[in-house]
2 protein chains.
Amino acid sequence: MTRAQANIPSSPLGRKITSYMSLTDEEKSFLNELERNVTRHGSRSDLLQQGERYGCVRVMRKGWAIRHKALPDGRRQVVNFVLPGDIIGFYCNLFETADHGVTTLTPAEVANFQPERIIELFKLFPRLAAALAWSGAKEEAIIAERLLSVGRRTALERTAHLIVELLRRLSIVGLVEEGRFTLPVTQEILADALGLSIVHINRTLRRLRDIGLIDLAGQQITVHDVKQLASVGQFDELYLHLIQAPKQLEHALDAKSDRKRAGD
Amino acid sequence: MTRAQANIPSSPLGRKITSYMSLTDEEKSFLNELERNVTRHGSRSDLLQQGERYGCVRVMRKGWAIRHKALPDGRRQVVNFVLPGDIIGFYCNLFETADHGVTTLTPAEVANFQPERIIELFKLFPRLAAALAWSGAKEEAIIAERLLSVGRRTALERTAHLIVELLRRLSIVGLVEEGRFTLPVTQEILADALGLSIVHINRTLRRLRDIGLIDLAGQQITVHDVKQLASVGQFDELYLHLIQAPKQLEHALDAKSDRKRAGD
DNA sequence: CGCTGCTTTGACTTACGTCAACCCAAGTGG
DNA sequence: CCACTTGGGTTGACGTAAGTCAAAGCAGCG
């Protein structure tokens, strides 16, 4: 790996981490190296099936996917959306078998690497390990917030909340323009994400349109007034933990990792 | 720290990890050291309040607690139950502020340590770091399963499912005897955990009693036929990931950590 | 041009929520 | 020792948000 390549993290994962923590060259090149093996997948293809043995760790480079769980009789719950830059069940890879499936919603570009490399990462780059742990914690926070939605918010609130969440998450990776973004999702999938029936989601979206909060044209959704939509969904920024620097992390790691970084 | 002390992990956390991965003396004593500072709390006391800055990392030694999120208008969702041996929002401690609260349900004994020590742990004991990551992943899996419950299971199924989950989780730490265990929980809390109203939980429990699947006497609950209750709740062992050894983890860490462990 | 997969809408059903009592046990204080 | 409160549990009557069923519209596509 060349030095030049190492300096600019070309990996979405690297870019994501860089956004809240500065990386050493060694770390960057390790990440780039990790994401070297990229595969392409069609729309609606299973990257992982519930009950299957885990294969490799994956990072979403382009496209959308969902993590979902199903009951024996077919009822299904979408646990989370996998957006560009997201890791696909990072920790889950430590498990023997998958307790959920992962399916693409669009054609997707995915980076793959062996789980052993995670262990390697834990040993060689504790800062990266901690950063990824942080990232995993954010995922948990998102799922917990969805649980709050499904358990305690009304259909209208839930739907509004999800739209704002996606808007915010997509903004970070630069996929929103003036409140407009692509939502490559059928109403069935929205229903499964929000614990509603397909018919009810339809009516709820219609209501949001009628109120004038959103516009839907095919897969393009436009949010006219984020503030208002957020307030309908009782959206509280807190859980996304977008605040750039987890100071504690940065501090502690910088201060004491000088030994390891002496070579730079 | 004495050598003798180091050999037997007296910490619940240590015991938990030992159950699926053998620890070196160094690792054990580090864990024991971590849990040295123990505090006691009354029933119904907040260990952490939503919106508050995180203080320290906590491990539940004795007693129950809940992690919960609330909406501005008071509606509340219990995200998870914290049982003896559980870490309280391990990763969350990397965040600036808490997006959820933690409240004890019983008098509790809690071990506390500074978040910096996690960083230390990441640097000095990658195996422990990975083990804790695994443990965090299990927590995420539990929350995801609860999301499936709240989103897609009926009230009866949900309730049955939760009871079986608690039964299984408590068995691991030896708190179940012949299908009987203490459930230090009001119906209001059950309702908030399952996204139901308090009245409806009451009727649902009654139904479970009428069918003869459970017995409730005060805070003692007895499960007569776990198999049947599990089938009512569409309970699938998979998500708890109780399978002892995460082989991959154990393997990878053992094989390559010889350098570090040379001293033993 | 007739699939097939998705959305939309109306009519009706139902699981679950709300309201409002009443019960019971465990304090607690006069 | 007994009133009185307080926090929970239990039950009935009734309301409603959301589900189900069913049919019709509407692309895209071989």
Side-chain angles (χ1 to χ4, degrees), chain A residues 42-45 66 71 73-78 103-107 149-162 182-210 214-221 232-234, chain B residues 42-45 66 71 73-78 103-106 149-162 182-210 214-221 232-233:
Chain A
S43 193
R44 302 294 173 110
S45 60
I66 45 173
L71 293 175
D73 63 7
R75 282 175 286 174
R76 189 177 68 152
Q77 176 69 38
V78 169
T103 307
T104 59
L105 297 179
T106 66
S149 264
V150 173
R152 289 303 186 209
R153 277 186 253 250
T154 66
L156 191 74
E157 291 166 348
R158 274 179 236 191
T159 310
H161 189 276
L162 178 61
T182 313
L183 196 93
V185 148
T186 64
Q187 296 190 354
E188 184 180 10
I189 286 167
L190 283 184
D192 284 343
L194 297 175
L196 296 171
S197 73
I198 193 171
V199 175
H200 202 67
I201 264 288
N202 184 295
R203 291 197 234 269
T204 307
L205 286 174
R206 167 153 252 312
R207 251 177 95 194
L208 284 175
R209 262 189 296 165
D210 289 351
I214 62 169
D215 242 13
L216 269 171
Q219 304 204 319
Q220 294 300 308
I221 182 170
V232 168
Q234 310 235 39
Chain B
S43 193
R44 302 295 174 111
S45 59
I66 44 172
L71 293 175
D73 63 6
R75 282 174 287 173
R76 189 177 68 152
Q77 177 69 38
V78 169
T103 306
T104 60
L105 297 179
T106 66
S149 265
V150 174
R152 290 304 185 206
R153 278 186 253 250
T154 66
L156 192 74
E157 290 167 347
R158 274 179 236 190
T159 311
H161 188 275
L162 178 61
T182 313
L183 194 89
V185 147
T186 64
Q187 296 189 350
E188 184 179 9
I189 286 166
L190 284 183
D192 283 343
L194 297 175
L196 295 170
S197 74
I198 193 171
V199 175
H200 202 67
I201 264 289
N202 183 298
R203 291 197 234 268
T204 307
L205 286 173
R206 169 153 252 313
R207 252 178 94 194
L208 284 174
R209 261 188 299 165
D210 290 349
I214 62 169
D215 242 15
L216 269 171
Q219 304 204 319
Q220 294 300 308
I221 182 170
V232 167

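Protein chains get the first letters and strands the later ones, always in sequence-line order, with residue 1 at the start of each.
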Mind checking whether [X] and [Y] have side chains closer than 4.5 Å, heavy atoms only?
X: A:Gln77; Y: A:Asp192; value: no
X: A:Ile189; Y: A:Arg76; value: yes
X: B:Leu105; Y: B:Gln219; value: no
X: A:Arg158; Y: A:Thr204; value: no
X: A:Glu157; Y: B:Arg75; value: yes

(request) Report yes if a side-chain nitrogen or oxygen of B:Asn202 is closer than 4.0 Å to either non-bridging phosphate oxygen (OP1 or OP2) of D:dT10; otherwise report no. (result)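 Looking at the OP1 and OP2 atoms of D:dT10, one of them is under 4.0 Å from a side-chain N or O of B:Asn202.
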(message) I'd like to know if the side chain of B:Thr104 reaches the main chain of B:Arg44, judged simply by a donor and an acceptor atom lying under 3.5 Å from each other, with no hydrogens or angles considered.
(response) yes
(request) Mark yes or no for whether B:Arg153, through its side chain, and B:Gly233, through its backbone, hold a donor-acceptor pair below 3.5 Å. (result)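 Between the backbone of B:Gly233 and the side chain of B:Arg153 there is a qualifying donor-acceptor contact (under 3.5 Å).
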(request) Starting at CG of B:Leu205, measure out to CD1 of B:Ile214 and round the result to the nearest 0.5 Å. (result)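 Rounded to the nearest 0.5 Å, the CG-CD1 separation comes out at 5.5 Å.
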(request) Among B:Leu196, B:Asn202, B:Ile198, B:Leu162, find the residue that satisfies the side chain to side chain contact (heavy atoms under 4.5 Å, CB included) test when tested with B:Leu190. (result)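 Only one of B:Leu196, B:Asn202, B:Ile198, B:Leu162 forms a side chain to side chain contact (heavy atoms under 4.5 Å, CB included) with B:Leu190, namely B:Leu162.
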Short N/O separations, protein against nucleotides 6-8 of chain D, under 3.5 angstrom:
unit_1	atom_1	unit_2	atom_2	d
D:dG8	OP1	B:Arg44	NH2	3.4

(message) For A:Arg207, is the CZ atom crowded, meaning more than 12 foreign heavy atoms sit under 6.0 Å from it?
(response) no
(request) Could you tell me from which nucleotide to which nucleotide of DNA chain C, 5' to 3', there is an atom under 4.0 Å from chain A heavy atoms? (result)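 Span of nucleotides near chain A: C:dC6 to C:dA11.
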Considering only nitrogen or oxygen atoms on both sides, find all protein atoms under 3.5 Å from nucleotides 18-26 of chain D and state each distance.
unit_1	atom_1	unit_2	atom_2	d
D:dA18	OP1	A:Ala155	N	3.1
D:dG19	OP1	A:Ser197	N	3.0
D:dG19	OP2	A:Ser197	N	3.0
D:dG19	OP2	A:Ser197	OG	3.0
D:dT20	O4	A:Arg203	NH2	3.1

